[in-house]
Structure formats: C-alpha cells, structure tokens
Chemist: 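The structure follows.
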Amino acid sequence: MDGVFITGTDTDVGKTFISALLVKAWGSNYWKPIQTGLNSCQLDTVTVKHLTGLSDSHFEPPQIELQEPLSPWRASILENATVSIEDLVIPQRFSESGRPLVLEGAGGLFVPINETMIITDLIHKLNYPVILVARSELGTINHTLLSIEHLRSRNIKILGIILNGKLNADNAAAIKHFAKDIPILLQVPEVDLSLILIDSLLPLVPKLEDLY
C-alpha cells in the first residue's frame, strides 16, 4: 500500500493542513494514530475531513485519544493510561484499500509516546516513508537539518520536505545546499485558513507516484 507519514520539525508547523492538502490531491485515506488535546481542540481527523470535503470512507478515528494538549507520554500519565506502539496497527480496511494512505504524527520526531518510545519509533514500526513539514521562517534551517539527520540515523526514508508559511527563498536555498539529496517538494504560502479553498493549492502538489 502506497502512502506517506507526515511528520514535522516541531509542533504547530502545519502538519494537519499539509496532510489535508495531500489527501485531497491524491484522493488518499487519512489516519492519525495518536491524538492528544481533545479537551482544547477538535480532532485533526475532523479538520482534515472538513478541509477536503471527502466522505467518511477516507477516515478512521485515532486509535489512541488523550485529553490534555501534551505529549502522549505526559498526557497518559495524567489520565492513568498506558500507551504502547505495539498496539498501533494500520486499520484493516485501509490495508485492503486501493487508495494511498496519509498518516499524521503527533508533534515532532522526538515527542515521547511513552517512557521509552518517541514518534520516530512509531514511524519505524509502521514502515512508511516520511514527508517532513517545516516552517519557512527564521530557525527552520537548524530544525529541518537536525530532523533530517535524526531520520537518517534511524534509516527512515525521506521523500521530501514541505515548507509551510511565508515564502523565504533564502531559507529554502540553504536547506537545499545542506540536504542536497532531499527535495523540497513544495512551498505552501502563508494563507488564511478561514478564507482559503484547498483546491486552489492542488496544482502545487506533486503526484505521489513521482515521489517513490
């Protein structure tokens, strides 16, 4: 089954919006295995469904849902819950689907899932290549290159980088220089999500088959 795991250089870099853009462009299924912060915001699954306008058949709820807007590890401690990546498996109907699958992580790569596992361990277990979402502004060079170095150290395939926010050609050029073998797939300009129609950005998205 073709697909990608969407991860980020940090929290709030726009992973959910980018996930929605890719899901709509590729007609994909979408699954976020772990969701925290239910007491302060709506499910990312609901957001992606709203942005894409796709039917329920493209979506499955998270397998692990936690209330506090914290890392899964810290939220689970407050809720006396146990979180294990061994329990996380791709929903069967997605495994049997002819559509590709977009998975979305929780926060950045080093976000702890429990006392021993981080998001990178989940990526490794599910065995999907990564698209790395990064901010476009100041600080992104360091965060992006460190994230790439970490993924490489775990032998995780990186399909490319998506820069999200106000366009910054200099930062993009610096990342290209130091990560020559990792393409910048697209740069999504800063948008007002209350006004933007996701369809207007679809021409920016490369075909999934061209990334493999």
Side-chain angles (χ1 to χ4, degrees), residues 1-16 18-20 22-23 28-49 58-97 99-134 143-144 146-162 211-212:
M1 176 175 49
D2 290 335
V4 298
F5 194 108
I6 305 301
T7 190
T9 57
D10 199 351
T11 192
D12 293 331
V13 295
K15 293 189 306 299
T16 300
I18 296 301
S19 294
L22 300 182
V23 167
S28 301
N29 295 321
Y30 169 88
W31 187 47
K32 180 160 184 160
I34 304 173
Q35 173 79 62
T36 64
L38 293 181
N39 65 3
S40 60
C41 61
Q42 70 177 5
L43 283 169
D44 289 338
T45 304
V46 174
T47 300
V48 174
K49 183 179 178 185
H58 289 260
F59 304 95
E60 279 284 337
Q63 194 167 333
I64 295 172
E65 296 180 341
L66 298 162
Q67 296 299 315
E68 295 296 326
L70 303 170
S71 71
W73 179 35
R74 305 315 293 173
S76 67
I77 289 173
L78 293 176
E79 298 174 38
N80 293 316
T82 300
V83 177
S84 171
I85 67 171
E86 298 306 318
D87 300 329
L88 292 169
V89 294
I90 303 295
Q92 184 176 352
R93 69 181 187 88
F94 284 172
S95 298
E96 298 170 351
S97 172
R99 301 171 186 148
L101 176 62
V102 170
L103 299 114
E104 183 184 348
L109 292 165
F110 266 93
V111 166
I113 294 174
N114 55 37
E115 65 273 17
T116 60
M117 300 290 183
I118 60 175
I119 292 297
T120 311
D121 294 306
L122 176 60
I123 297 171
H124 193 271
K125 177 185 184 292
L126 296 177
N127 195 29
Y128 276 76
V130 159
I131 289 178
L132 181 65
V133 180
H143 292 167
T144 302
L146 282 174
S147 296
I148 289 170
E149 189 70 19
H150 171 66
L151 289 165
R152 283 173 169 163
S153 75
R154 298 294 188 93
N155 296 314
I156 292 172
K157 182 178 181 180
I158 309 169
L159 296 180
I161 302 160
I162 294 179
L211 304 184
Y212 274 80

Chemist: Which heavy-atom pair separates Gln35 from Leu38 by the least distance, and what is that distance?
Modeler: CG-CD2, 3.7 Å

Chemist: Could you check whether any side-chain N or O of Gln63 sits under 3.5 Å from a backbone N or O of Asp87, counting only pairs where one atom can act as donor and the other as acceptor?
Modeler: yes

Chemist: Is the closest side-chain heavy-atom distance between Ile64 and Ile113 below 4.5 Å?
Modeler: no

Chemist: State, yes or no, whether a side-chain contact exists between Leu109 and Ile123 at a heavy-atom distance under 4.5 Å.
Modeler: yes

Chemist: Got a second to check how far Arg152's CZ is from Lys157's NZ, nearest 0.5 Å?
Modeler: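 Result: 14.0 Å between the selected atoms.
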
Chemist: Between the main-chain N or O of His150 and the side-chain N or O of Ser153, is there a donor-acceptor pair closer than 3.5 Å?
Modeler: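 Side chain of Ser153 to backbone of His150: a pair is present.
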
Chemist: Between Ser19 (side chain) and Lys15 (backbone), is there a donor-acceptor pair under 3.5 Å?
Modeler: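 Answer holds: yes.
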
Chemist: Working note: Asp121 + Thr116, criterion side chain to side chain contact (heavy atoms under 4.5 Å, CB included); need CA distance, chi angles, decisive distance, verdict.
Modeler: CA-CA 9 Å; Asp121 294 306; Thr116 60; over 6 Å; no

Chemist: Is the shortest heavy-atom distance from the side chain of Asn39 to the side chain of Pro69 under 4.5 Å?
Modeler: yes

Chemist: To the nearest 0.5 angstrom, please state how far the CG atom of Leu132 sits from the CZ atom of Phe5.
Modeler: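 With rounding to 0.5 Å, CG (Leu132) is 11.5 Å from CZ (Phe5).
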
Chemist: I'd like to know whether CD of Gln92 has more than 12 heavy-atom contacts from other residues, nucleotides or ligands below 6.0 angstrom.
Modeler: no

Chemist: Is there side-chain contact between Tyr128 and Val4, with heavy atoms separated by less than 4.5 Å?
Modeler: no

Chemist: Counting C-beta onward and ignoring hydrogens, is there a side-chain heavy-atom pair between His58 and Arg99 closer than 4.5 Å?
Modeler: yes

Chemist: Counting only heavy atoms from other residues, nucleotides and ligands, does the tally under 6.0 Å from CD of Glu149 exceed 12?
Modeler: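 No, CD of Glu149 has 12 or fewer neighbouring heavy atoms, counting only those of other groups under 6.0 Å.
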
Chemist: Hey, are the side chains of Pro62 and Leu43 touching, using non-hydrogen atoms and a 4.5 Å cut-off?
Modeler: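 Sidechains of Leu43 and Pro62: in contact.
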
Chemist: Go through Lys32 and Thr47 one step at a time and tell me if the side chain to side chain contact (heavy atoms under 4.5 Å, CB included) criterion holds.
Modeler: CA-CA 12 Å; Lys32 180 160 184 160; Thr47 300; over 6 Å; no

Chemist: So, for Lys125 and Val89, which heavy atoms are closest and what is the spacing to 0.1 Å?
Modeler: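 Reported closest heavy-atom pair: NZ-CG1, 4.1 Å.
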
Chemist: To the nearest 0.5 Å, tell me how far Leu146 CG sits from Leu151 CG.
Modeler: 11.0 Å

Chemist: CD of Glu86 to CG of Leu122: how many Å apart, nearest 0.5 Å?
Modeler: 10.0 Å

Chemist: Write down the atom of Val83, the atom of Pro72, and the distance for their closest heavy-atom approach.
Modeler: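 Minimum heavy-atom separation between Val83 and Pro72: CG2-O, 4.4 Å.
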
Chemist: Any idea which heavy atoms bring Gly107 and Thr7 closest together, and the distance?
Modeler: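 Result for this residue pair: O-OG1, 4.2 Å.
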
Chemist: With a 4.5 Å cut-off on side-chain heavy atoms, are Glu104 and Ile18 touching?
Modeler: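 Ile18 does not reach Glu104 side chain to side chain.
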
Chemist: Say whether, by atom type as modelled, one donor and one acceptor occur between the side chain of Trp31 and the main chain of Pro61 under 3.5 angstrom.
Modeler: yes

Chemist: Are there over 12 heavy-atom neighbours, none belonging to His124, within less than 6.0 Å of that residue's NE2?
Modeler: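 No, NE2 of His124 has 12 or fewer neighbouring heavy atoms, counting only those of other groups under 6.0 Å.
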
Chemist: Taking the side chain as everything from C-beta on, heavy atoms only, tell me whether Glu60 gets closer than 4.5 Å to Asn29.
Modeler: no

Chemist: For Gly3, does its backbone N or O pair with a side-chain atom of Tyr212 as donor and acceptor, under 3.5 Å?
Modeler: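 Present.
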
Chemist: Nearest 0.5 Å, please: how far is CD1 in Ile85 from CG in Asn114?
Modeler: 7.5 Å

Chemist: If you take all heavy atoms of Thr9 and Val13, which pair is closest and at what distance?
Modeler: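 For Thr9 versus Val13, the nearest heavy atoms are OG1-CG1, 3.8 Å.
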
Chemist: Name the one of Ile77, Thr36, Leu78 that satisfies side-chain contact (heavy atoms from CB on, under 4.5 Å) with Leu70?
Modeler: Leu78

Chemist: Just how far is it from atom CG of Leu88 to atom CG of Leu126, taken to the nearest 0.5 Å?
Modeler: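 Output value for this atom pair is 7.0 Å.
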
Chemist: Quick one: closest heavy-atom pair of Ala134 and Thr144, and the distance?
Modeler: CB-OG1, 3.3 Å

Chemist: Please check: side-chain N/O of Glu79 versus main-chain N/O of Gln67, any donor-acceptor pairing under 3.5 Å?
Modeler: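 Indeed, once roles are kept as given, a pair shorter than 3.5 Å links the two residues.
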
